[in-house]
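Data first, discussion second: the structure below is written as structure tokens.
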Amino acid sequence: MKLKMKHWMTGLALAAVGVAPALAQGKFPDNMIKLIVPFAAGGGVDGAARLLAKQLQTDLGVTVVVDNRAGGSGTIGGKAVQTAHPDGYTLLFSAATHVLASHVLATPPYDPVTDFVPVARTGEAPLLIVIPPTAPQKNLREVIDAAGKGGNNWNAAIPALGAPSHLATLLLAKQGKVSFTMTPYRGTAPAATDVAGGHVQVLVDSIISLQPMAKGGRVKPIAQTGAKRSSVAPDVPTAAESGYPGLVYVSWYGVWAPKGTPDDRVQFLNKAINKATEELAKAGSLASLGVEPVVESVDTFRKYIATDVAQSAGLLKEAGFKPE
């Protein structure tokens, strides 16, 4: 009897040891989740992050806030997440530019691939190719033909080095077998203004940023870089429809957690973000930003990053780009 009692007590003690961590960990999430956006409020990335935060808050029943940490080409916000406690409560919501920090910056403060855990890719958006409204060209093929004959007289406005706009312009030059003089700007607004005035011949940038000027006739849209036409600009053909099937390039948004975040929490967040994305898509909220919803697993997102980094790094290398 004493032997049986001893065995029973031992089993109870072992069970208690196994339960303790579970009780200590508690329900996840049971506290505020912070989405850090490494850009200023009011931009496309911020808008997408706020939509996601609001939907997640409704779905999960906890407060989800957006914290803007602009500066350092996105690395100030990135650093805040990298150094945060890896518990799943502090996340990075950023764009495709995040994964290219090591290829765009001379001294990046972290490795964007190995120092973070990919959680979910939430959406992608095509870019719009525009030219001055007074330009005689009517489509992408005519632009490529003119650029091929114009030599150094064709300038391409680059709103931000290493950004999707820059990489899509490099891909445009590669696919068209032409050479543009790359003219860097501090953002979309001054770049678009110079295209509208005819001072620069071509600009490739966010469709949601350029569409108002295109609708107003201040710039002429000739093609978009998505695999299919965007609902934001349904009358503008894709580059593939224009005869350049290799010119498919999108900007995309995603969520990352600090390295070391428990896999079960990463998987939970992936499912929660996918569900929120589907709900936002059904409501038409993402379409208003020109964003196509993306719902995929953590592993698929990780593979997508590897492919995207390889392609983008290749384009930068071919162009002789030097990190600053």
Side-chain angles (χ1 to χ4, degrees), residues 38 44-45 48 73-75 78 81-82 91-105 108 110-129 158 160-176 204-207 223-230 238-240 244-259 261 263 266-267 269-271 273-274 277 281 286 290-321 323:
V45 179
S73 298
T75 60
V81 175
Q82 186 221 348
L91 306 170
L92 178 70
F93 187 100
S94 193
T97 49
H98 169 67
V99 298
L100 290 177
S102 297
H103 299 278
V104 176
L105 303 175
Y110 48 68
D111 187 310
V113 176
T114 61
D115 288 338
F116 296 81
V117 177
V119 176
R121 193 163 69 101
T122 62
E124 59 185 33
L127 306 178
L128 194 64
I129 305 174
I158 307 298
L161 294 175
S165 54
H166 183 194
L167 292 155
T169 305
L170 293 177
L171 186 59
L172 167 62
K174 181 177 180 179
Q175 293 295 318
V204 187
D205 203 3
S206 162
I207 196 168
Q224 52 183 292
T225 65
K228 62 180 182 179
R229 295 194 186 195
S230 169
T238 65
Y244 298 90
L247 182 49
V248 177
Y249 199 94
V250 296
S251 177
W252 52 268
Y253 305 124
V255 178
W256 289 261
K259 180 181 179 181
T261 302
D263 185 62
V266 171
Q267 296 298 334
L269 289 166
N270 173 265
K271 290 179 174 59
I273 291 170
N274 283 344
T277 298
L286 295 175
V291 176
E292 293 287 338
V294 173
V295 173
E296 61 189 21
S297 68
V298 173
D299 189 52
T300 300
F301 183 25
R302 185 179 291 108
K303 291 176 181 176
Y304 182 90
I305 289 173
T307 300
D308 188 70
V309 169
Q311 180 192 25
S312 299
L315 287 170
L316 291 170
K317 184 177 180 180
E318 289 174 13
F321 175 79

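Residue numbers count from 1 along this sequence.
- Partners of N270 according to the side chain to side chain donor-acceptor pair (under 3.5 Å) rule, which considers only residues two or more places apart in sequence or in another chain, are N274.
- Atom CD of residue Q82 and atom OG1 of residue T75 lie 10.5 Å apart, to the nearest 0.5 angstrom.
- In terms of the side chain to side chain contact (heavy atoms under 4.5 Å, CB included) criterion, residue partners of V104 (sequence neighbours excluded) are, by chain and number, L100, L316, F321.
- Between L247 atom CG and I129 atom CD1 the span is 5.0 Å, to the nearest 0.5 Å.
- Within the structure, the salt bridge (charged side-chain N to carboxylate O under 4.0 Å, His left out) test picks out no pair touching residues 160-169 (sequence neighbours left out).
- With sequence neighbours excluded, the residues satisfying ring-ring contact (aromatic ring centres under 6.0 Å, His included) with F116 are H98, Y110.
- Note that CG of L172 and CG of L315 are 11.0 Å apart. Values are rounded to the nearest 0.5 Å.
- Residues passing the side chain to side chain donor-acceptor pair (under 3.5 Å) test with T238, sequence neighbours excluded: E241.
- To the nearest 0.5 Å, the span separating OG1 on T122 from CD on E292 amounts to 12.5 Å.
- Residues satisfying the salt bridge (Lys or Arg N to Asp or Glu O under 4.0 Å) criterion with K303, sequence neighbours excluded, are D299.
- Not counting sequence neighbours, the partners of A163 by the side chain to side chain contact (heavy atoms under 4.5 Å, CB included) test are T97, A160, S165.
- For V250, the side chain to side chain contact (heavy atoms under 4.5 Å, CB included) test picks out E124, Y304, with sequence neighbours left out.
- By the side chain to side chain donor-acceptor pair (under 3.5 Å) test, K259 is found to be paired with no residue, residues two or more places apart in sequence or in another chain being considered.
- Going from atom CD of Q311 over to atom CG of L167 covers 8.0 Å, rounded to the nearest 0.5 Å.
- Between the side chains of Y249 and S312, a donor-acceptor pair is found at a separation under 3.5 Å.
- Annotation: side chain to side chain contact (heavy atoms under 4.5 Å, CB included) contacts of S251 (sequence neighbours excluded): L127, P164.
- In this structure E318 satisfies the side chain to side chain donor-acceptor pair (under 3.5 Å) test together with K174, sequence neighbours excluded.
- Remark: F301 engages W252, W256 in a ring-ring contact (aromatic ring centres under 6.0 Å, His included) (not counting sequence neighbours).
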